[in-house]
Trainee: 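First the structure, which I've put down as structure tokens, then a few questions once you've had a look.
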Amino acid sequence: MNKKSYRLVGIWINALSISDLNALIAEAVSSKQRWIIANHNFHSIHIYHRDAKMRAFYALADYIHADSMPLVFLAKLLGYPFQREHRVTYADWTPRLIEEAAQQNWRVFYLGSKPGVAERGAIILQQKFPNLQIATADGYFDTRPDSQENKNLLAKINNFQPHVLMVGMSMPRQEHWVLDNIEGLSTNAILTAGAAIDYIAGEVPTPPRWAGRWGLEWLSRLIAEPNRLWHRYLVEPWFVLALFIIERFKKGN
């Protein structure tokens, strides 16, 4: 496993496959560590350069994988050892992560989604993996660290004693929440998972997997949710591309 970090467009990222990521979780569990496993795509990079709290979160993260085939392409252009397998999205990773969790007896807690969605997704996963230990809570609560709702949620998570905590509340809300609550969380692996369980529950349509392998998943998602995603996929990539061009120009001089 290549745990080395590579720098591009102002961020650091690791070349990690799904197998690598599952192995990292196994290592965190066996060594009783608490690791943040984050991810980057063009949307997160756009936020990162505008949000100091987002930058603080990524500075705290232990490992950061690529959730964007275009980001993998940029890394390859810089000569970094990234391959297609290093583009890991939760639509692909979640089934294999949950299968591993069921086999290894890892307890999984999923925080996020609209009320009822995560619970529905958990039921579907338990039907497929009967040995799976999973608990959920929706993402509609007062996220202020000193709020009673937040304190109750922390108690619920820690009472379950999850090995894996998946936080799926969209960017940057999920990253902000992890940063605010990291010291109060008792778990081994904290994953910022976006809409991971929404795909399982059927709340969000899963893009064709061939589209992801060829860097076209964004188009499928844009067609499905144009009003919500047009800025993310039609505007923000130009910002990242500009950063890449500036970096290449500086290196060339």
Trainee: So Phe82 and Tyr80, would you call those rings parallel, tilted or perpendicular, with 30° and 60° as cut-offs?
Mentor: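 If you compare the ring of Phe82 with that of Tyr80, the planes turn out tilted.
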Trainee: Using a 4.5 Å cut-off on heavy atoms from C-beta on, say whether the side chain of Asn41 contacts that of Leu71.
Mentor: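 The answer is no; the side chains never approach within 4.5 Å.
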Trainee: Taking C-beta and beyond as the side chain, do Leu153 and Asn181 meet within less than 4.5 Å on heavy atoms?
Mentor: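 Leu153 vs Asn181: side chains apart.
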Trainee: Are the side chains of Leu154 and Leu185 in touch, meaning some heavy atoms are under 4.5 Å apart?
Mentor: yes
Trainee: What is the minimum heavy-atom distance between Asp138 and Leu111, and which atoms define it?
Mentor: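 Asp138 and Leu111 have their closest heavy atoms at O-CD1, 3.5 Å.
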Trainee: Do you know the tightest heavy-atom contact between Phe129 and Pro95?
Mentor: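 The answer is CZ-O, 4.1 Å.
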Trainee: What are the two closest non-hydrogen atoms of Tyr6 and Pro81, and how far apart are they?
Mentor: OH-CG, 3.2 Å
Trainee: Within a reach of under 6.0 Å around CD of Gln104, are more than 12 heavy atoms found that belong to other residues, nucleotides or ligands?
Mentor: yes
Trainee: Which pairs, with at least one residue in residues 8-22 and sequence neighbours excluded, count as a side-chain hydrogen bond (donor to acceptor under 3.5 Å, both in side chains)?
Mentor: Ser5-Asn14, Ser17-Asp20, Ser19-Arg96, Asn22-Trp93
Trainee: Of all the heavy-atom pairs spanning Tyr140 and Pro115, show the shortest one and how long it is.
Mentor: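 Closest pair (atom of Tyr140, atom of Pro115, distance): CD1-CD, 3.7 Å.
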Trainee: Does Lys32 pair with Glu27 as a salt bridge, N-O distance under 4.0 Å?
Mentor: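 No, this pair does not count.
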Trainee: Got Leu243 and Leu8 here, is their nearest side-chain heavy-atom distance under 4.5 Å?
Mentor: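 No. Closest side-chain heavy atoms not under 4.5 Å.
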Trainee: Using 0.5 Å steps for rounding, measure from the CZ atom of Phe160 to the CG atom of Leu165.
Mentor: 10.5 Å
Trainee: Should we count CZ of Arg144 as having more than 12 external heavy atoms under 6.0 Å?
Mentor: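 Not more than 12 within 6.0 Å, no.
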Trainee: Taking all atoms of both residues into account, what is the closest heavy-atom pair of Leu74 and Phe42, and its distance?
Mentor: CD1-CZ, 3.9 Å
Trainee: Spell out, yes or no, whether Tyr199 and Ile123 are grouped together once hydrophobic residues are joined by side-chain heavy atoms under 4.5 Å, including indirect joins.
Mentor: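 No, it is not one cluster - the side chains of Tyr199 and Ile123 are not joined through contacts under 4.5 Å.
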Trainee: Side chains of Ile25 and Leu97: closer than 4.5 Å at any heavy-atom pair?
Mentor: yes
Trainee: Please name the pair of heavy atoms, one in Ala38 and one in Ala61, separated by the smallest distance, quoted to 0.1 Å.
Mentor: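 Nearest pair, atom of Ala38 first, then Ala61: CB-CB, 4.0 Å.
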Trainee: With a 4.5 Å heavy-atom cut-off, do Ser68 and Phe73 have their side chains touching?
Mentor: no
Trainee: If hydrophobic clusters are built by linking Ile, Leu, Val, Met, Phe, Trp and Tyr wherever their side-chain heavy atoms come under 4.5 Å apart, do Met171 and Val117 end up in the same one?
Mentor: no
Trainee: Can a donor-acceptor pair be found between the side chains of Asp198 and Ser113 at a distance below 3.5 Å?
Mentor: yes
Trainee: Nearest 0.5 Å please: distance from the OG atom of Ser147 over to the CG atom of Asp142.
Mentor: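 Reported value, rounded in 0.5 Å steps: 3.5 Å.
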Trainee: Output the distance between atom OH (Tyr63) and atom NZ (Lys3), rounded to the nearest 0.5 Å.
Mentor: 4.0 Å
Trainee: Run the side-chain contact (heavy atoms from CB on, under 4.5 Å) test on Asp51 and His176 for me, step by step, so that the C-alpha distance in whole Å, both residues' side-chain angles and the decisive distance to 0.1 Å come before the verdict.
Mentor: CA-CA 10 Å; Asp51 184 336; His176 288 184; 2.9 Å; yes
Trainee: With the side chain counted from C-beta on, respond yes when His65 and His86 share a heavy-atom pair under 4.5 Å apart, and no when they do not.
Mentor: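 No, every pair of side-chain atoms sits at 4.5 Å or beyond.
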Trainee: Is the closest side-chain heavy-atom distance between Trp35 and Ile190 below 4.5 Å?
Mentor: no
Trainee: Show your reasoning for whether side-chain hydrogen bond (donor to acceptor under 3.5 Å, both in side chains) applies to Trp177 and Asn150.
Mentor: CA-CA 10 Å; Trp177 186 85; Asn150 196 68; 2.8 Å; yes
Trainee: Between Glu175 and Lys53 (salt bridge meaning N to carboxylate O under 4.0 Å), is one present in this structure?
Mentor: no
Trainee: Taking only Lys NZ, Arg NE, NH1 and NH2, and the carboxylate oxygens of Asp or Glu, determine whether Asp92 and Arg87 approach each other closer than 4.0 Å.
Mentor: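 Looking at Arg87 together with Asp92, the answer is yes, because their closest N to O distance falls below 4.0 Å.
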